[in-house]
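What follows is a single structure, written as structure tokens, with notes after it.
Please read all numbers here as calculations on a predicted model, not as lab measurements. Every chain is numbered from 1, with letters handed out A, B, ... down the list of sequences.
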Amino acid sequence: MREVFKEYDFDWRLGSLARKALGLSNATQKEYQYSLNYAPSYRDALDEIIRTGEPGVLMVTFIRDYIEEIVNAHAHGKKVALVTFNFSPAILHAFDIVPFCLEAMTTFYTAVWKQGISDCLDFGCEKGFTETSCTGQRLALGPILAGLGVKPDMILYSTAGVCDSNAVSYAFASSYLGIPQCNINYPPTLTDERAAEYHRADFRNMVAFLEEQTGRKMDMDRLREVADEIVIQDKMFNELQDLQQIIPCPMPPLYAMMNFAFRMIYLGSKQYTTLLESMLRIAKANAAKGIAGVGEEKVRAFFFYIDHFCPNIKWIIWNRKQGISNVAAFLNDFWPKGNPFLKHPEEGYEMDLSSYDKIIDSLALQTSRFPMVKNIRGPYDAPMMWLDDTLSMARIVKPDVLFYIGTMGCRNTWSNVKLMVRDLEKAGYPTFVSYGDSFDNRVDPVDNLIGKCSEFLKIRGVLQ
Amino acid sequence: MIVAGCDIGSRTAKAVIMEDSNILAACVMRDKPDPEESAREVMAQALAQAGMRMDQVERCVGTGYGRKQVTFAQAVESEIVCHGRGAQWLEPSIRMVIDIGGQDAKAIKLDEKGKVIRYAYNDKCAAGTGRFLEVMAKPLGVRLEDLGSVSQKSTTPVKVSNQCVIFAETEIVSLINAGKPVPDIVCGLHRAMAHRVAALAKGIVVEGEVGMTGGVAKNEGMFNALEEALGVKIHKIGWDPQMVGAIGAALIAREMVPSA
Amino acid sequence: MRKELSEAANQLNNGSVQAWKAAGKKVVGYSCTYVPSEIIGAAGLLPYRLRGIEAATTDIGDSYYGPVVCSYPKCLLQLAGEGTYRFLDGAIITNGCDTMRRLEECWRKANEDIPGILPAYYHYYGTPHKVEPYSLKWFEEENRLLIESLENHFGVKITDERLREQIELYNTGRRLLQRLEKLRMRDEIVISGTDATTIILASTALPWSEYVPLLEETLGELEQAKPNGMKGKRVLLGGSVTDDTDLVRVIEEAGAVVVADTLCFGSKLFDDLVSTEGDPVKALSERYLNRSFCPRMFAYYQPRYQSLKEKALKAKVDGVILQNVRFCDMHGSENGLFERDLEAMGIPCIRIEREYGPLVEDGRVRMRVDAFLERIQ
Amino acid sequence: MIVAGCDVGSLTAKAVVLGQTRILGYAVIDANTSPARSAEEVLHKALALSQIGKQDIKRCVGTGYGREKIPFADQCISELVCHAKGAHWIMPAVRTIIDIGGQDCKAMRVDAKGQIAKFYTNDKCASGTGRFLEVMADLMGITLEDLGQLSLKSKQPAVLASACTVWAQAEIIRLVGERTPLPDICAGINDAMAGRVATLINTIGIENDLCMTGGVAKNMGVVKSLESITGMRVRRLPVDPQIVGALGAALLARGVSL
Ligand SMILES: Nc1ncnc2c1ncn2[C@@H]1O[C@H](COP(=O)(O)OP(=O)(O)O)[C@@H](O)[C@H]1O
Ligand SMILES: Nc1ncnc2c1ncn2[C@@H]1O[C@H](COP(=O)(O)OP(=O)(O)O)[C@@H](O)[C@H]1O
Ligand code: SF4
Ligand code: SF4
Ligand code: SF4
């Protein structure tokens, strides 16, 4: 890592960037354009987010708050938990623990920053961490290992049994920094009674860990508040997913990412509700007018893995300019009751508010339905797993093309994406596979991705 | 109607001039560092061969890595489409084209009209490219054109495992140092490469007649190794396989509706 | 070295397997040390640990697996695809790591293209990643399901009686292997690491009814043997899967002696015994899950480090070689921690990333080992 | 006592003839397909330059990839140790050494006696090797010397996105096509290289003084870029950095303890 990147803490730098960005968004249009010129390193990313209107501004605002909460947690006497993205932060509110999600930081960093990405990625390796692991965690983990950011008090991850690469990052951080850890371990099946029992027991095991770490019992009133909020959020989320099916898709492409990012960092908090309201308002208005969120919808794309190839947000901008709608994203599936994509009632979860025990069980179930955690735990072609989910969603949202974009560290999907492509093509969906890495532009640069992708869309007759 | 196709690849530049269904001229040359210059020069050669001037050429289509730098082309088309089109025109029975050029390998599936149905590129880090053979030929002291015949002399091909061009080179050097016969190494190289390319083709399912294009198709050792790895006979293309992309481009130029 | 042992260590379809099959008996392959061999044995079947030796390329593996995954399961798939594993009547795949668990799907899919390569009995076995009362319960159920499915498929009965017999047999064998390990650690070397590895590897490919007497005999001879004259730095080998003798040989050719290992094709096969008390399935479940020796058990770095450290001290090693197969995140990251902590204790370490077994590039590994040995002079 | 060191690397062969206190002569040649022949040739050349007969050489140590094949070597020692020894002899204050040769890149820390305390090698990807630079230079039709020199003139180094040798080639072709000035491309290549190397040395931890050995050390572009990334000065060696391994071998032949 270059010396210059060691001068400021990683999290502080991100926070200050969000602060500056907001300062800009409040300015008049003219001032805004003018100021953007002085922010070359994040101009494009910022502009892309802010141009989505109110939801974009809200997103930046809340990300700023999120980071500030992390940075100031210790000063406020709160504990910080390093958490993975496929983990519901809801339970943490009941303990007043501040979640710090590595992948959210990675995503934000790679999207807005032009320099230092490779420095951060390599930093972990300098500390002995493996160079081939998933970049989603590795990028933000580097500075944390190096002490360039808040030192977490505990580490939580829900990927044991789902993704080694992910779990190992957190396990490594725990051993390296000497911080206590607790993982949620998922069995290979989803809906049978054995699995359900395991989900509940394992979640309670984590609750016990949280009690031990904080030295206090869970705040039941907070828990109830959070659960109530989730019920509202789930309803709105389902509405949003309903809207995705409309042709043309009324949702701007960035909404998918905004939504799942917020479920991952703010589920059960007011902030997420505010964002949902704002997104819904716009999406509904678009739907009423029959217009597409992307402008003119030329291609309906279903991202059956990661949808945001981050570096400099170039890929996302290109998608928008080509009129590529994001009609479904694998990371954006959460399976609450009433969701249009549910195939069986037992596939999803429902918030049962009848007792505290039931609330905790509901949260356990909800966590077990987080993206990836739900559907890459078992064989890709088993019921309710990767293929089944992708095909059944595709039938509903009617995409013109399916995209796989992942990370080079993803042993799971790289071990069967070829099988997926065969099956999806057989089912009649043109399927594009990127050999790039969503967070490391060095693997296959974004310009190549765009080149290969436009070639694909043209040759396969998706985009004329 | 006189049309032209110009294929600026990663290693070589190719140009073809056609009149109706006749190929009037076809030229290949090694790339210059500047693709624009390569394009101009190879076109000039082809024109000279055909005894023509540029203004007699009605339309020209550019293809290949450097297609955007073919300044005199009216349109550009991806090399996948061009190889498919060219191969199909030359050998109508072909349903799958395996194109191995300097920088990558592709498997392309065609319908009976030569339209691309599916295609696949080589995996990342894969050594299945012509450049790989070029790099290896050097330490082996074998000329590129001789790789095929040398490989035929092998009795017990060696195992070459590395996928990275650069590291495979070290492996070759150590095999040479270990005293392994050159034909066995060459044959081992071809096999390793053929297996990777075959895996690529199998990924999109090998069906129907298979043809091979690109410069590497001129290498008989590779041709045979690929047949063996695929387990099917490869249809030999009646023309210089390296020119197929440029021919395809010319064909597309011929079919283009002139823009007003 | 007894021929049976070296053959079993170096050849997949070895003589004993052939004889076993010729006698009309069945062979069941399994993919990981977390699968209890005793259960397979109690069904009258030969438990056979899947290995990737003999794979010369990975083109079949690469047709199903993507480019950035460990080549070990790719080699297994390659061998299956080439028909080498046709002698298997069954296979049990477990979630040792992500790439390994995906073998279940890849093998099935490959069978659609190359019919007949999938064994008739094919079972997915889910191993939890932690040791808690509920995970133990899950694991025990998993074992009972395995028993049930073996019984149904092969038309046999796995009684507690037969399980106890197998537990006895395996415990006896494991005790002998522990003796071998002790022997290996002697101050004056009596057996090379290469030979010790050969003996251990053979255990995964022979019926233990044959293996245990062979081992006993060999041990008897070795315990009487004079030092074999091997001198050199004493090293411990740890890390990713190492299912052949090549790596150990390369290290020893460079002038070291591999006196101990923490490999899952090594000492991790016999470090603990199964309790002979109580319900045999319960006892097996406890023994097989309670071992947190593999980094797949994420939260147990400390116990692993302690056991590695103890082994290194007991074997009086001069250094520790930590290797990982490329794209193996679990061992790759844990080796970094081991290195930090062992070096802090004054035990020199080297981390090596390599290609898996039959695809190794000896020269590279050799250069690093040479330099390491010179460093610890 | 006159001794010799011979380093048969992956791309080049080097020989040093060492007298009591100074280097009497040395040579560097491109390695050919037989390491034995390369060794003979390069030693012959070094001997000729130092005007010494082969029979005057008391002892010779071989090193490098081809060391086992050097017919006249009395002993073989790995190149890591030789580089450490050689660098330490030339510059005793050196504590961190980076050796970039044709096929790999090594970083080592040595103690006050020149003993290796820690080392790390890169062989995961060819992009951190001298061969990477050669392939790139070849692509642009310039020499290796130019690659270093031109890059120093760059005003706005290009950014090479891809770290992989194989794929970086496509980018070079693109940059050339876009008429990016040659010095900027060269600087981009050298920066990419230095970036990889910096990670490697940070893994073992840098301690002053820092020096570079191996052929790539002759490329000032890489050296300068490495200095700017690490914020440390790279000490320039008063001898050809490419021969440091052979020099170390010669020192070891003289019986300087390991
Ligand atoms: N006469 C030949 N014999 C064997 N191989 C050849 C011959 N000519 C070219 N090649 C191979 O073809 C490759 C170039 O193929 P080509 O299709 O021209 O690539 P591109 O279109 O990418 O420039 C070279 O790398 C080389 O391996
Ligand atoms: N004059 C030079 N200027 C810049 N780089 C050079 C020069 N000479 C050699 N090199 C670099 O040095 C590398 C060879 O280094 P060397 O230490 O001789 O390798 P090895 O020991 O592996 O043969 C070449 O790949 C090249 O990149
Ligand atoms: S992208 Fe793949 S490797 Fe990364 S966290 Fe997700 S499942 Fe794991
Ligand atoms: S070496 Fe690592 S990645 Fe490979 S099979 Fe074993 S645990 Fe999995
Ligand atoms: S092919 Fe590219 S990424 Fe792979 S090892 Fe070689 S240089 Fe590195």
C:S63 and A:K418 have their tightest heavy-atom pair at O-CD, 3.6 Å
In the structure I gave you, are the side-chain heavy atoms of A:Y435 and C:P67 within less than 4.5 Å of one another anywhere? yes
Rounded to the nearest 0.5 angstrom, the NZ-SG distance for C:K130 and A:C182 is 5.0 Å
message = For A:N416 and C:Y64, which I'm curious about, is there any donor-acceptor pair between the side chains at under 3.5 Å?
response = no
Non-hydrogen side-chain atoms of A:T132 and C:V68 separated by less than 4.5 Å: no
Side-chain contact test, heavy atoms from C-beta onward, threshold under 4.5 Å: evaluate it for A:I184 versus C:H129 and give yes or no. no
Ranked by heavy-atom pairs below 4.5 Å to chain A, first place among C:Y124, C:Y300, C:F298, C:Y301 goes to C:F298
#### Entry: Within 6.0 angstrom of C:K282 NZ, more than 12 heavy atoms from elsewhere
no
When every non-hydrogen atom of A:D423 is compared with those of C:K109, the smallest separation belongs to OD2-NZ, 3.8 Å
Can you confirm whether A:R204 sits close enough to C:Y134 that some side-chain heavy atom of one is under 4.5 Å from a side-chain heavy atom of the other? no
Comparing C:G126, C:P133, C:S135, C:C70 against chain A, the one with the most heavy-atom pairs below 4.5 Å turns out to be C:S135
task: Starting from the C-alpha separation in whole Å, work towards a yes-or-no answer on salt bridge (charged side-chain N to carboxylate O under 4.0 Å, His left out) for A:R194 and C:E142.
output: CA-CA 10 Å; A:R194 275 176 84 207; C:E142 202 67 14; 2.7 Å; yes
- Query: Salt bridge between C:R101 and A:D164, side-chain N to carboxylate O under 4.0 Å?
  - Reply: no
Side chains of C:E132 and A:N185 in contact at under 4.5 Å (non-hydrogen atoms): no
When the 4.5 angstrom heavy-atom criterion is applied to A:Y157 and chain C, the contacting part is side chain
Applying a strict 4.5 Å limit to non-hydrogen atoms, the region of A:R377 in contact with chain C is backbone
When rounded to the nearest 0.5 Å, the distance separating CG of C:D341 from OH of A:Y176 is 10.0 Å
Cut-off 4.5 Å, heavy atoms of chain A, and the answer for C:E141 is both
Heavy atoms of C:D329 and A:S165 approach each other most closely as OD2-OG, 3.3 Å
If one checks every heavy atom of A:S169 against chain C at 4.5 Å, the contacting part turns out to be neither
Taking a cut-off of under 4.5 angstrom between non-hydrogen atoms, the residues of residues 332-340 of chain C near chain A are C:G332, C:S333, C:G336, C:L337, C:R340
Distance col, row A:F172:CZ vs C:M330:CE, nearest 0.5 angstrom, shows 15.0 Å
Closest non-hydrogen contact found for C:R351 with A:G128 is NH1-O, 3.6 Å
Note: vs chain C, highest number of non-hydrogen pairs under 4.5 angstrom among A:T189, A:N205, A:I155, A:V417 is A:N205
Per-residue tally against chain C (heavy atom, under 4.5 Å) across A:A171, A:A201, A:P187 peaks at A:A201
Okay, A:S174 and chain C: the region with an atom under 4.5 Å from a heavy atom over there is neither
Next on the checklist: Do C:K137 and A:E197 have side chains that approach each other closer than 4.5 Å (heavy atoms only, starting at C-beta)?
Outcome noted: yes
Of the listed A:G124, A:A382, A:S175, the one with the largest count of heavy-atom pairs under 4.5 Å with chain C is A:S175
Here the gap from A:R411 atom CZ to C:C97 atom SG, rounded to the nearest 0.5 Å, amounts to 9.5 Å
Rounding to 0.5 Å, atoms CG (A:L419) and SG (C:C106) come to a distance of 4.5 Å
Applying side chain to side chain contact (heavy atoms under 4.5 Å, CB included) to A:S362 and not counting sequence neighbours gives A:M351, A:D352
If one checks every heavy atom of A:D437 against chain C at 4.5 Å, the contacting part turns out to be neither
One should read off an interatomic distance between A:D202 CG and C:W138 CH2, to the nearest 0.5 angstrom, of 11.5 Å
### Task
Using a 4.5 Å cut-off on heavy atoms from C-beta on, say whether the side chain of A:W386 contacts that of C:E105.
no
Pairwise side-chain contact, A:T130 with C:F327, heavy-atom cut-off 4.5 Å (strictly under): no
Of C:L103, C:D98, C:T127, the largest count of non-hydrogen pairs under 4.5 angstrom with chain A goes to C:D98
